[in-house]
> 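Before I ask anything, let me first share the structure, which is written out below as structure tokens.
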Amino acid sequence: MSINYAEKIPNNVDLAHDRTLQRALEHWQPHFLQWWHEMGPSDFEQADVYLRTATSVDAKGWASYGAVKMPEYRWGIFLAEQQPGRTIGFGDQMGQPVWQQVPGEHRSTLRRLIVTQGDTEPASVEQQRLLGHLCPSLYDLRNLFQINVEEGRHLWAMVYLLHAYFGRDGREEAEELLARHSGDADKPRILTTFNEPISDWLSLYCFTYFTDRDGKYQLKSFAESGFDPLSRTCRFMLTEEAHHMFVGETGIGRVVKRTLEVMKELGSDDPAKVRAHGAVDLPLLQKYINFWCSSSLDLFGSEISSNAAASFANGLKGRPDESQYQDHVLRDASLRLDTPEGVQDVPMLNALNEVMRESYLKDCEIGLKRWNRAIERAGYEFRLTLPSSRFRRSIGSWVGLPVDPGGKLLPKDDYERRLYEWVPSPEDKSFVKSLMQKVVEPGKMAAWIAPPERGINSLPLDYEYVHLS
Ligand SMILES: [Fe+2]
Ligand SMILES: [Fe+2]
């Protein structure tokens, strides 16, 4: 079904034929807009931003591009096409028809899963709200705003499910999604990573590389769900999500490129000299990677989890790309887990968070390989690495243990003394902050980052991607 743009809320779910639902969502809409006004990008409401807007859920040509003022963005409800005859692809009810309504016995679990996913979407917009004032270029500013409006749309996606399938509880949860705020002392967002401040663009690139990639893995596992509306919603969200990770991967790549240019100019890889020259030294970038990667790894939950087992067995949440596996029931499988108490054999169903974390880490490696190739070609020994998944755990069997990024357990005072060798220290952060000078002349870049290889949607790099009035 095509998207109806004539309506107040663009949608491809035939909202006009469900007056009650339509009224409920039209009631929520001004609350959303008020939230955007208060918590969205600060001070850029009058700017014309070259944004893409979803106009179809067809894989070819799903979006149109044009100048839009962000508060006028057409946030809507778009589900991927229904697949006729779709059956549950994993768990104890494998092979049975998928559900078009929420099964009563899974209602509270599904609601919790949807609320937890939904909470991350507005949270990231809040985390990024001040970054526009420090942008390295108009190209980057546009990409930030593109991500922000799409995270807003992802909130709409989850709110639609809550309103359409969870009655009054769902409507209350939708209000709560606008009431919690990132970093708020009284009403924080649900997950820790989404309460971390993002106050510079190096953090933004790491966040979009690592944390949006966690989003990709969560969405992929929901795309497998036996609850068909959730599956369809997440399949379309993944289309948008790819751009967010592109911003992270190319952003870090451009930082590496610029740093290598500076190192070449200086004939030195001395971090102090690189910094004095206004670039991000590679060991500093490594600290940002350590911080955001380890923080994002927590989002997968405990290595051993009965919730993960139940969600899988009940057909609510699969593994990303479930079809690539042989066994979709997992009643007889186990996984060897390295715990502080030694190696343990854990029933595979209980170890699914770890399975997901491992496939996520493999996906994270792709960018590192690319960046390291650039460093190698430039003739330097330094290599960027991912921290061990035991480093800085605040959940699971390694919680709170003094483990270094290589995965080695250390005496606690060694760990504490050396922590700022591995994650950004206050001085590192203030140095990075000092680099963040706003550049808004079309085609110009801040000195700490290389220009991208190409512009947006085949436009030239010096196109005025954001027209500031
Ligand atoms: Fe999202
Ligand atoms: Fe995202």
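Note that the structure is predicted; figures quoted are calculated from it, not measured. All ligand and atom numbering here is 1-based and tracks the order in the structure. The figures here come from the full heavy-atom set of this structure, side chains too, leaving out hydrogens, waters and symmetry mates. The chain is numbered in sequence order, starting from 1.
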> R319 side chain to N353 main-chain N or O, any donor-acceptor pair under 3.5 Å?
no
> Show the atom names and distances, to 0.1 Å, of all donor-acceptor pairs under 3.5 Å that link a side chain in residues 445-458 to residues at least two apart or in another chain.
| unit_1 | atom_1 | unit_2 | atom_2 | d |
| --- | --- | --- | --- | --- |
| W448 | NE1 | L435 | O | 3.4 |
| N457 | ND2 | Y50 | OH | 3.0 |

> Less than 6.0 angstrom from the centroid, inside 45 degrees of the normal: does R232 satisfy that with respect to the ring of F236?
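Output no; distance or angle outside limits.
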> Tell me how many protein N, O or S atoms are closer than 2.8 Å to the Fe ion (ligand 2).
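Atoms of protein N, O or S type lying less than 2.8 Å from the Fe ion (ligand 2) total 4.
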> Ignoring hydrogens and geometry, is there a side-chain-to-backbone donor-acceptor pair from H328 to Y325 under 3.5 Å?
yes
> Of all the heavy-atom pairs spanning W75 and G152, show the shortest one and how long it is.
CD1-C, 3.7 Å
> Taking N11 for its side chain and V13 for its backbone only, find out whether a donor-acceptor pair lies under 3.5 Å.
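Yes; judged by distance alone, with no hydrogens or angles, the pair exists.
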